[in-house]
A.B. asks: 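Got a structure for you, questions after.
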Amino acid sequence: MCYYKAMNTKTAKAKQAKSGILYEPEDLAPRNVAADEATLDTYLERNKDALNASIEKAHAEFANGEYFTLDQVMADVGAQRQRRRARKA
């Protein structure tokens with residue numbers, strides 16, 4: 001039996017549950033990739049010096065052993081989640 005035919009029969013119709021999606025269909029339209037890339041290129045060009053300085057600083061900190069381990073990051077994320085849940089309760 002074809003799926004399409006099964007969905008079009010009166011016995012297969014059921015009341016659809018309300019969707020939890022917050023976006024309207026027009027929000028899901030394909031993006032203009034060329035415009036997005038142009039915007040990103042403009043941002044990167046305008047902030048090139050600041051971005052390079054940030055990368056150099058991160059490399060220097062890493063070379064000096066100033067970085068977070070995965071365990072430290074996961075512990076911090078877990079603590080943040082607990083704080084958010086405590087505030088909601």
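We number each residue from 1, following the sequence as shown. It should be emphasised that the depicted structure is a prediction, and the values quoted were computed from it without experimental measurement.
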A.B. asks: Show me the pairs that pass ring-ring contact (aromatic ring centres under 6.0 Å, His included) and involve residues 69-89, at least two apart or across chains.
C.D. replies: none
A.B. asks: Using side-chain contact (heavy atoms from CB on, under 4.5 Å) as the criterion, list what pairs up with E45, not counting sequence neighbours.
C.D. replies: K48
A.B. asks: State which residues pass side-chain contact (heavy atoms from CB on, under 4.5 Å) with R31; sequence neighbours excluded, sorted by chain then number.
C.D. replies: D36
A.B. asks: So does A38 get a backbone contact from the side chain of T42, meaning a donor-acceptor N/O pair under 3.5 Å?
C.D. replies: yes
A.B. asks: In residues 74-84, what donor-acceptor pairs under 3.5 Å come from side-chain atoms, sequence neighbours left out?
C.D. replies:
| from | atom 1 | to | atom 2 | distance (Å) |
| --- | --- | --- | --- | --- |
| D76 | OD2 | Q80 | NE2 | 3.0 |

A.B. asks: Apart from I55 itself, what residues make up its hydrophobic cluster, given side-chain heavy atom links below 4.5 Å?
C.D. replies: none
A.B. asks: Could you list the residues that satisfy side-chain hydrogen bond (donor to acceptor under 3.5 Å, both in side chains) with T69, not counting sequence neighbours?
C.D. replies: Q72
A.B. asks: Could you give all pairs that pass the ring-ring contact (aromatic ring centres under 6.0 Å, His included) test and reach residues 67-89, with sequence neighbours left out?
C.D. replies: F62-Y67
A.B. asks: Starting from L40 and following side-chain heavy-atom contacts under 4.5 Å between hydrophobic residues (I, L, V, M, F, W, Y), which residues can be reached?
C.D. replies: Y43, L44, L51
A.B. asks: Which pairs with one or both residues in residues 69-89 pass ring-ring contact (aromatic ring centres under 6.0 Å, His included), sequence neighbours excluded?
C.D. replies: none
A.B. asks: E56: what forms a side-chain contact (heavy atoms from CB on, under 4.5 Å) with it, not counting sequence neighbours?
C.D. replies: none
A.B. asks: Got a sec, which residues hit side-chain contact (heavy atoms from CB on, under 4.5 Å) with K88, two or more places apart in sequence or on another chain?
C.D. replies: none
A.B. asks: Between N32 (side chain only) and A34 (backbone N and O only), is there a donor and an acceptor less than 3.5 Å apart?
C.D. replies: yes
A.B. asks: Holding to salt bridge (Lys or Arg N to Asp or Glu O under 4.0 Å), I want the full list of residues that pass it with D71, two or more places apart in sequence or in another chain.
C.D. replies: none
A.B. asks: Working to the nearest 0.5 angstrom, can you tell me the gap between N52 CG and K57 NZ?
C.D. replies: 15.0 Å
